[in-house]
Amino acid sequence: QVQLVESGGGLVQAGGSLRLSCAASGRTFSSHAMGWFRQAPEKEREFVAGMADNWSGGRTYYTDSVKGRFTISRDNAKNTVYLQMNSLKPEDTAVYYCAARARYPTTGWHTAPYEYDYWGQGTQVTVSS
């Protein structure tokens with residue numbers, strides 16, 4: 001079992017920055033693929049950013065709308081994955097969720113919610129115009 005706890009959400013003006021953190025329990029964190037998703041009111045949960053497992057070099061991938069503005073990273077020593085969000089826009093407003101994929105393979109592009117095994121409780125990000 002893996003437990004994920006997000007933090008770092010809040011209210012920020014357009015153009016501002018936030019860094020979300022996701023602390024994971026478990027000793028196999030580095031072998032999991034990690035992802036960030038978001039869900040705005042009355043919308044489906046959507047993929048934001050992902051990172052392959054550590055043994056695959058931890059390559060990253062992003063949805064087009066956040067490329068160049070968001071960065072996913074991980075600190076395996078701290079069992080934590082981050083989402084640095086810069087140049088925030090009102091349309092980035094959503095609840096952001098951290099997710100972990102434990103089942104093989106963990107090296108590919110995992111962009112659908114069903115591809116992940118564990119989820120955090122979410123953290124609210126609100127960007128004002």
Side-chain angles (χ1 to χ4, degrees):
Q1 278 285 358
V2 175
Q3 291 187 324
L4 304 173
V5 179
E6 301 100 333
S7 61
L11 173 64
V12 64
Q13 288 188 333
S17 298
L18 283 174
R19 188 177 80 156
L20 305 183
S21 300
C22 173
S25 65
R27 295 175 292 176
T28 59
F29 174 75
S30 61
S31 65
H32 296 342
M34 301 299 296
W36 285 97
F37 288 76
R38 65 187 179 187
Q39 188 166 17
E42 301 182 358
K43 291 190 176 181
E44 293 186 353
R45 191 167 298 190
E46 67 170 351
F47 171 79
V48 176
M51 176 175 271
D53 66 85
N54 192 55
W55 310 113
S56 302
R59 61 176 174 264
T60 60
Y61 42 104
Y62 303 88
T63 192
D64 286 345
S65 63
V66 308
K67 284 180 181 176
R69 300 189 298 124
F70 291 11
T71 303
I72 186 173
S73 61
R74 68 196 299 166
D75 184 334
N76 291 315
K78 295 182 178 179
N79 276 15
T80 301
V81 65
Y82 303 97
L83 184 68
Q84 178 66 44
M85 305 186 295
N86 299 328
S87 301
L88 282 161
K89 304 175 180 181
E91 51 263 44
D92 294 319
T93 295
V95 176
Y96 282 71
Y97 297 91
C98 172
R101 175 182 171 95
R103 60 195 137 106
Y104 182 84
T106 53
T107 59
W109 309 96
H110 310 293
T111 61
Y114 72 83
E115 296 182 275
Y116 289 81
D117 305 300
Y118 304 102
W119 291 85
Q121 82 289 352
T123 186
Q124 176 70 47
V125 171
T126 303
V127 183
S128 63
S129 57

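Just so it is clear, the values below take in all heavy atoms, side chains as well, and ignore hydrogens, waters and symmetry mates. Nothing here was measured: the structure is a model prediction, and the numbers come from that model.
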Restricting to salt bridge (Lys or Arg N to Asp or Glu O under 4.0 Å), what partner residues turn up for Glu46, sequence neighbours left out?
Arg38

Scan for disulfide bond (SG atoms under 2.5 Å apart) pairs involving residues 15-78, sequence neighbours excluded, and state none if there are none.
Cys22-Cys98

Sequence-distant partners of Ser21, side-chain hydrogen bond (donor to acceptor under 3.5 Å, both in side chains), two or more places apart
none

Partner residues of Ser17 under the side-chain hydrogen bond (donor to acceptor under 3.5 Å, both in side chains) criterion, sequence neighbours left out
Asn86

Which pairs with one or both residues in residues 105-123 pass salt bridge (Lys or Arg N to Asp or Glu O under 4.0 Å), sequence neighbours excluded?
Arg103-Asp117

Does either side chain, that of Asp53 or that of Thr106, offer a donor lying less than 3.5 Å from an acceptor on the other one?
yes

Which residue pairs satisfy the salt bridge (Lys or Arg N to Asp or Glu O under 4.0 Å) criterion with at least one member in residues 62-75, sequence neighbours excluded?
Asp64-Lys67, Arg69-Asp92

Test of understanding: with ring pair (Phe, Tyr, Trp, His ring centres under 6.0 Å), list the residues that count as partners of Tyr116, not counting sequence neighbours.
Phe37

Return the OG to CH2 distance between Ser30 and Trp55, rounded to the nearest 0.5 Å.
5.0 Å

Using the salt bridge (Lys or Arg N to Asp or Glu O under 4.0 Å) rule, collect all pairs that involve residues 13-23, keeping only residues at least two apart or in two chains.
none

Quick check: do Leu11 and Gln124 have side-chain heavy atoms less than 4.5 Å from each other?
no

Fellow cluster residues of Leu20, listed by chain then number, with links counted only when side-chain atoms sit under 4.5 Å apart
Val2, Leu4, Val12, Leu18, Phe29, Met34, Trp36, Val48, Met51, Tyr62, Val66, Phe70, Ile72, Val81, Leu83, Met85, Leu88, Tyr96, Tyr118, Val125, Val127

Closest approach of Ala40 to Ala94 (non-hydrogen atoms, all atoms of both residues)
N-CB, 3.8 Å

How far does OG of Ser65 sit from CD of Glu91, to the nearest 0.5 angstrom?
8.5 Å

So disulfide bond (SG atoms under 2.5 Å apart) across residues 34-71, not counting sequence neighbours, yields none

Residues that Gln39 engages under side-chain hydrogen bond (donor to acceptor under 3.5 Å, both in side chains), provided they are two or more places apart
Arg45

Taking every non-hydrogen atom, the tightest pair across Glu6 and Tyr97:
OE2-CA, 3.3 Å

Whether over 12 other heavy atoms sit under 6.0 Å from Gln3 CD:
no

Rounded to the nearest 0.5 Å, what's the gap from OG on Ser129 to CD on Gln13? Could you check?
9.5 Å

N/O donor-acceptor pair under 3.5 Å between Tyr61 side chain and His110 backbone:
yes

Would you please name every residue forming a side-chain hydrogen bond (donor to acceptor under 3.5 Å, both in side chains) with Ser25, sequence neighbours left out?
none

